[in-house]
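Structure first, then comments.
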Amino acid sequence: MPLFPVFVDLSEKNVLVVGGGKVATRKVQNLLVFTKKITIVAPSIRKELRALIKENRLSLRRRKFLASDLRNKDVVIVAVDDLKLQERIFTLCEKRKILCNSVDSPKFCNFIFPSLIVRDELVVGISTGGRAPALSKRIREFIEGCLPENVEAVLKKLAQEREKLPKGEKRQKYISELTEKLLPMKR
Ligand SMILES: C[C@@]1(CC(=O)O)c2cc3[nH]c(cc4nc(cc5[nH]c(cc(n2)[C@H]1CCC(=O)O)[C@@](C)(CC(=O)O)[C@@H]5CCC(=O)O)C(CC(=O)O)=C4CCC(=O)O)c(CCC(=O)O)c3CC(=O)O
Ligand SMILES: NC(=O)C1=CN([C@@H]2O[C@H](COP(=O)(O)OP(=O)(O)OC[C@H]3O[C@@H](n4cnc5c(N)ncnc54)[C@H](O)[C@@H]3O)[C@@H](O)[C@H]2O)C=CC1
């Protein structure tokens, strides 16, 4: 069965990223849009990640992973080049009911990291359930290519108009029509 997408408020959640390499750097960069409460644990940290840690005042534990690193964590990303360690951390997370994403095997994920498009509060998340990550990336590029350039302005305008009026059928009709007018479908 395919995976159901959920849009979660991460702003107050504590995220642990295990690993400091290329993939960890990409995950941290993407996560920073959603939360600054990120801790990184790894013996070696890539230069770009070091810069992100400094800029965003993230916590850094410069050593190998310890089970105690999971204390008070809500979400864990395991971005190491060691499948056994991914399995071990995933098992620990399952016991503690922590959300865990492992970069080397969908088997050790209880959530998948999607390919992302973020335009203010408009977020597009894409996944193939772990079957073809490069396809997720390609679909992102397709969607990016056909998203209207002014989509942020349209979102802002619609949200403002929506706030001005009380809930109900009259507003529903007005907002739906305005949306179609602001973003006419090209055929
Ligand atoms: C299960 C998952 C785990 C997770 O959640 O991380 C996972 C797993 C694995 N990826 C692998 C390889 C690649 N991953 C990418 C790219 C991305 N991978 C991402 C997510 C995910 N990757 C999750 C499933 C997503 C889904 O459901 O579709 C994206 C979307 C998000 C992100 O990571 O930021 C990001 C695109 C971001 C963007 O640009 O939009 C590329 C292409 C590239 O890098 O150019 C390649 C090379 C091509 C290939 O091999 O397919 C390998 C084999 C490693 C090896 O061979 O050693 C594994 C392990 C395995 O499959 O067993
Ligand atoms: N999910 C995805 O999108 C993709 C996943 N991968 C997989 O991701 C894995 C990581 O790739 P890269 O970041 O390029 O590797 P890398 O070699 O650049 O980084 C590995 C990192 O893991 C850290 N590490 C190793 N043992 C550790 C431990 N015990 N505790 C804490 N940190 C530890 C190292 O210090 C290093 O920072 C690879 O196995 C690769 O196959 C590769 C491409 C895409």
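Here, residue 1 is the first one in the sequence, and each next residue gets the next number. Atoms within a ligand are numbered from 1 in the order they appear, just like the ligands themselves.
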(request) Could you establish whether Asp82 and ligand 2 come within less than 4.0 Å of each other, counting only heavy atoms on the residue side? (result) no

(request) Provide the number and element of each atom of ligand 1 under 4.0 Å from a heavy atom of Lys27. (result) 4 (C), 5 (O), 6 (O), 32 (C), 33 (O)

(request) Decide, yes or no, whether a salt bridge links Asp82 with Arg88 under the criterion of side-chain N to carboxylate O below 4.0 Å. (result) no

(request) Kindly indicate whether atom 53 (C) of ligand 1 is approached by any protein heavy atom to under 4.0 angstrom. (result) no

(request) In plain terms, say whether Glu141 and Arg138 are close enough for a salt bridge, that is, a side-chain N and a carboxylate O under 4.0 Å apart. (result) yes

(request) Flag atom 32 (C) of ligand 1 as yes if some protein heavy-atom distance to it falls below 4.0 Å, otherwise no. (result) yes

(message) What I want to find out is whether Lys157 reaches Glu161 closely enough, with some N-O distance under 4.0 Å, to be called a salt bridge.
(response) yes

(message) I'd like to check which ligand 1 atoms, numbered from 1 as shown, lie under 4.0 Å from a non-hydrogen atom of Arg140.
(response) 38 (C), 39 (O), 40 (O)

(request) Starting from atom 14 (O) of ligand 2, locate the nearest protein heavy atom and write down its residue, its atom name and how far away it is, to 0.1 Å. (result) Lys22 CB, 3.6 Å

(request) Mark yes or no for whether Ser102, through its side chain, and Ser105, through its backbone, hold a donor-acceptor pair below 3.5 Å. (result) no

(request) Please say which of Val76, Asn101, Val75, Leu99 ends up in a side-chain contact (heavy atoms from CB on, under 4.5 Å) with Cys93. (result) Val76

(message) Geometry only, no angles: is Val18 polar-contacting ligand 2 at N/O separations under 3.5 Å?
(response) no

(message) When you measure from the side chain of Arg140 to the backbone of Ile117, do you find a donor-acceptor pair of N or O atoms at a distance under 3.5 Å?
(response) no

(request) Considering only protein heavy atoms, determine whether one is less than 4.0 Å from atom 2 (C) of ligand 1. (result) no

(request) Have a look at Phe34 and tell me which of Val118, Val8, Asp9 forms a side-chain contact (heavy atoms from CB on, under 4.5 Å) with it. (result) Val118

(message) Out of all atoms in ligand 1, which are within 4.0 Å of some heavy atom of Gly129? Include the element for each.
(response) 27 (O)

(message) Would the distance check show the side chain of Lys36 and the main-chain N or O of Leu32 forming a donor-acceptor pair, the cut-off being under 3.5 Å?
(response) yes

(message) With a cutoff of 4.0 Å, is Pro133 in contact with ligand 2, counting heavy atoms of the residue only?
(response) no

(message) Considering non-hydrogen atoms of the protein only, which is the closest contact for atom 20 (C) of ligand 1, and what is the distance?
(response) Phe113 O, 3.5 Å

(request) Can you establish whether the number of heavy atoms outside Gln160 located under 6.0 Å from its atom CD is more than 12? (result) yes

(message) Taking Asp120 first and then Lys156, would you say they form a salt bridge - that is, a charged N and a carboxylate O separated by under 4.0 Å?
(response) no

(message) Taking 4.0 angstrom as the limit and counting only heavy atoms of Ala42, give me the atoms of ligand 2 inside it, by number and element.
(response) 31 (C), 32 (N)

(request) Verify, without hydrogens or angle tests, whether Ser136 (side chain) and Ser115 (backbone) share a donor-acceptor contact under 3.5 angstrom. (result) no

(request) Using a strict cut-off of 4.0 Å, indicate which atoms of ligand 1 neighbour a heavy atom of Asp104. (result) 59 (C), 60 (C), 62 (O)

(request) Could you list which atoms of ligand 2 come closer than 4.0 Å to a heavy atom of Val41? (result) 31 (C), 32 (N)

(request) May I ask you to identify the nearest protein heavy atom to atom 8 (C) of ligand 1, giving residue, atom name and distance to one decimal place in Å? (result) Val103 O, 3.4 Å

(message) Using a 4.0 Å cutoff against the non-hydrogen atoms of Asn101, which atoms of ligand 1 qualify?
(response) 4 (C), 5 (O), 6 (O)

(request) Please indicate, with yes or no, if any protein heavy atom is found under 4.0 Å from atom 62 (O) of ligand 1? (result) yes

(request) May I ask you to list the atoms of ligand 1 that are less than 4.0 angstrom from any heavy atom of Pro106? (result) 1 (C), 62 (O)

(message) Heavy-atom contact check, 4.0 Å cutoff: does Arg46 meet ligand 2?
(response) no

(message) Any nitrogen or oxygen of Asp104, side chain or backbone, less than 3.5 Å from one on ligand 2?
(response) yes

(request) Of the side chain and backbone of Thr128, name the one, both, or neither that has a heavy atom under 4.0 Å from an atom of ligand 1. (result) both

(message) Quick test: of every protein heavy atom, which one is nearest to atom 24 (N) of ligand 2, and how far off is it to 0.1 Å?
(response) Val80 CG1, 3.7 Å

(request) Kindly check if the number of other-residue, nucleotide or ligand heavy atoms within 6.0 Å of CZ (Arg71) is above 12? (result) no

(message) Under a 4.0 angstrom heavy-atom cut-off, which atoms of ligand 1 come close to Ser102?
(response) 3 (C)

(message) Considering non-hydrogen atoms of the protein only, which is the closest contact for atom 29 (N) of ligand 2, and what is the distance?
(response) Leu85 CD2, 3.4 Å

(message) Return the closest protein heavy atom for atom 23 (C) of ligand 1 as residue, atom name and distance.
(response) Ile112 CG2, 4.0 Å

(message) I'd like to know if atom 50 (O) of ligand 1 has any protein heavy atom within a distance of less than 4.0 Å.
(response) no

(message) Counting only heavy atoms, tell me which of Arg26, Glu144, Lys137 gets closest to atom 45 (O) of ligand 1.
(response) Lys137

(message) Please classify the Ser115 to ligand 1 contact at 4.0 Å (heavy-atom distances, strictly less than): side chain, backbone, both or neither.
(response) both

(request) For atom 11 (O) of ligand 2, find the nearest protein heavy atom and state the residue, atom name and distance (0.1 Å precision). (result) Val23 CG2, 3.6 Å

(request) Applying side-chain contact (heavy atoms from CB on, under 4.5 Å) between Val78 and each of Ile89, Asp104, Val103, report the one that passes. (result) Ile89

(message) Give me the nearest non-hydrogen protein atom to atom 15 (O) of ligand 2 as residue plus atom name, then the distance to 0.1 Å.
(response) Asp81 CB, 4.5 Å

(message) Give me the nearest non-hydrogen protein atom to atom 48 (C) of ligand 1 as residue plus atom name, then the distance to 0.1 Å.
(response) Ala134 CB, 4.1 Å

(message) Taking Lys37's backbone N and O only, do any of them form a donor-acceptor pair with Asn14's side chain (distance below 3.5 Å, no angle check)?
(response) no

(message) Quiz question for you: does at least one protein heavy atom lie closer than 4.0 Å to atom 41 (C) of ligand 1?
(response) no

(message) Students should be able to answer this: which protein heavy-atom is nearest to atom 16 (P) of ligand 2, and at what distance?
(response) Gly21 CA, 4.0 Å

(request) Within a distance under 4.0 Å of any heavy atom of Asn30, pick out the atoms of ligand 1 and give their elements. (result) 34 (O)

(message) Distance under 4.0 Å to a non-hydrogen atom of Gly20: what atoms of ligand 2 satisfy this?
(response) 21 (C), 36 (C), 37 (O)

(request) From atom 27 (O) of ligand 1, work out which of Ala79, Pro133, Ser127, Cys109 has a heavy atom at the shortest distance. (result) Ser127

(request) Look at atom 1 (N) of ligand 2 and say which protein heavy atom is nearest, naming residue and atom and giving the distance to 0.1 Å. (result) Val103 O, 3.0 Å

(request) Looking only at protein heavy atoms, identify the closest one to atom 35 (O) of ligand 2 and say how far it is in Å. (result) Ser44 OG, 3.0 Å

